[in-house]
Protein chains: 2
Amino acid sequence: MNVYEYLLSYDIKPSVQRIAIMDYLLKHHTHPCIDEIYIALHDDIPTLSKTTVYNTLKLFVEHGAAKMLTIDERNACFDGDTSAHAHFQCKCCGRIFDMPMHINENEMNEMTEKGFSVEEVHSYYKGVCPECRKNNSDKN
Amino acid sequence: MNVYEYLLSYDIKPSVQRIAIMDYLLKHHTHPCIDEIYIALHDDIPTLSKTTVYNTLKLFVEHGAAKMLTIDERNACFDGDTSAHAHFQCKCCGRIFDMPMHINENEMNEMTEKGFSVEEVHSYYKGVCPECRKNNSDKN
DNA sequence: AAATAAAATTGTAATAATTACAGAATTGAA
DNA sequence: TTCAATTCTGTAATTATTACAATTTTATTT
């Protein structure tokens, strides 16, 4: 399935900009922020406006085609992988990595029994990634 | 232990402002944002500056006396309870509730084996709280 | 194919959260 | 009491995000 059809499957009308942004999200698993996407696509679409990037990602999130991550304190990041998974942000280089997520049914049941309706599960870790650990130890 | 000694135990020099802010954090489990704290303490300390609230909470987080939550997209929230626990934010009223957290040792081991050094574990849920669910069903 | 209506995009201006910074106030030590 | 260091304050600057009106593009109707 191409990106055009992929957008349609989420009830999103495809446009040049929307296709380019979704394509970027699907091909780059860097969990990009607005600026990263804007800068990356600006070469191909010189008329692209940052407002469009904002609007488009908001649309994607509303339609379930992308997820917004609030892990980074500075600015929101976006993920085209909508499957259930956790994240790891390196405090040193700032990169966000995908991690497996095992949902704990006991916790879920506890919340449901208390009357909470759980719609989203977010799980992330912070620490130092293997690369930065290596670089840091090299300096000593 | 009073708040004065509590701050000292985290290597934080107590001051009128710092004591008031930490006292607020320890007594109110509402996961307040900067504004909530500023407005609440303004009556007692009319000279309090919002910059001081920012600086103080940054200091608390650096010393491990508070945790910053990036659950709410609008602005950062703070938690004086530094023990390991999860959170639940209601999409309807915006309130953040404490939830138990059971750390999954398997996930931890997976990351450690891959070379990641895990320093923080964050887990939160979004959905509708019991109160809002009740109010919503009443409207029908 | 031309005219029209609807939707999407753009750029600028406004808003809001956060940070930088310099001066004032407070604290602690000599 | 004096001096130095620290903390606090208020304003200005910065940055991310949103509002909005004008323009462009797309889809529909005639």
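So you know, we letter chains A, B, ... as the sequences are listed, proteins then strands, and number each from 1. Below, each value reflects all heavy atoms present in this structure, side chains not excepted, and no hydrogens, waters or symmetry copies.
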B/Arg74 vs C/dA16: side-chain N/O to OP1/OP2 distance below 4.0 Å:
no
Hits for salt bridge (Lys or Arg N to Asp or Glu O under 4.0 Å) against B/Glu73, two or more places apart or cross-chain, chain-then-number order -> B/Lys126
I need the OH-C1' distance between B/Tyr38 and C/dT18, as an integer number of Å.
15 Å
Please determine whether any donor N or O and acceptor N or O are separated by less than 3.5 Å between the side chain of B/Ser15 and the base of D/dT6.
no
Does a nitrogen or oxygen in the side chain of A/Gln17 sit under 4.0 Å from OP1 or OP2 of C/dT10?
yes
Could you check how far CG of B/Leu7 sits from C1' of D/dT6, rounded to whole Å?
16 Å
In whole Å, what is the span from the CG atom of B/Asp11 to the P atom of D/dT6?
15 Å
Non-hydrogen side-chain atoms of A/Asp98 and A/His31 separated by less than 4.5 Å
yes
Nearest whole angstrom, please: distance from the P of C/dA8 to the CE of A/Met22.
15 Å
Would you mind telling me which residue lines up with the more 5' stretch of DNA chain C, B/Asn55 or A/Ile45, judged by nearest nucleotide?
A/Ile45
For a quick check of understanding: with a heavy-atom distance under 4.0 Å over all strands, which category does B/Lys50 fall into, base, sugar-phosphate or nothing?
nothing
A/Thr56 has its side chain closest, among C/dT12, D/dT17, C/dT9, to C/dT9
So, A/Arg133 side chain and B/Gly115 main chain: donor-acceptor pair closer than 3.5 Å or not?
yes
I'd like to know if the side chain of B/His85 and the backbone of B/Pro100 have a donor-acceptor N/O pair within less than 3.5 Å.
no
Round to a whole Å and report the spacing from CG of A/Leu57 to C1' of C/dA8.
15 Å
I want to verify a distance call: between C/dA8, C/dG11, D/dT11, whose nearest atom is closest to the B/Thr51 side chain?
D/dT11
Please report, rounded to the nearest Å, how far the C1' atom of D/dC8 is from the OH atom of B/Tyr54.
16 Å
Ignoring hydrogens and angles, tell me if any N or O in the side chain of A/Lys91 forms a donor-acceptor pair with the backbone of A/Val128 under 3.5 Å.
no
Report yes if a side-chain nitrogen or oxygen of A/Thr52 is closer than 4.0 Å to either non-bridging phosphate oxygen (OP1 or OP2) of C/dT10; otherwise report no.
yes
Rounded to the nearest Å, what distance is computed from the CE atom of residue A/Met68 to the P atom of nucleotide D/dA16?
15 Å
Interatomic distance where CD1 belongs to A/Ile12 and P belongs to C/dA7 [whole Å]:
16 Å
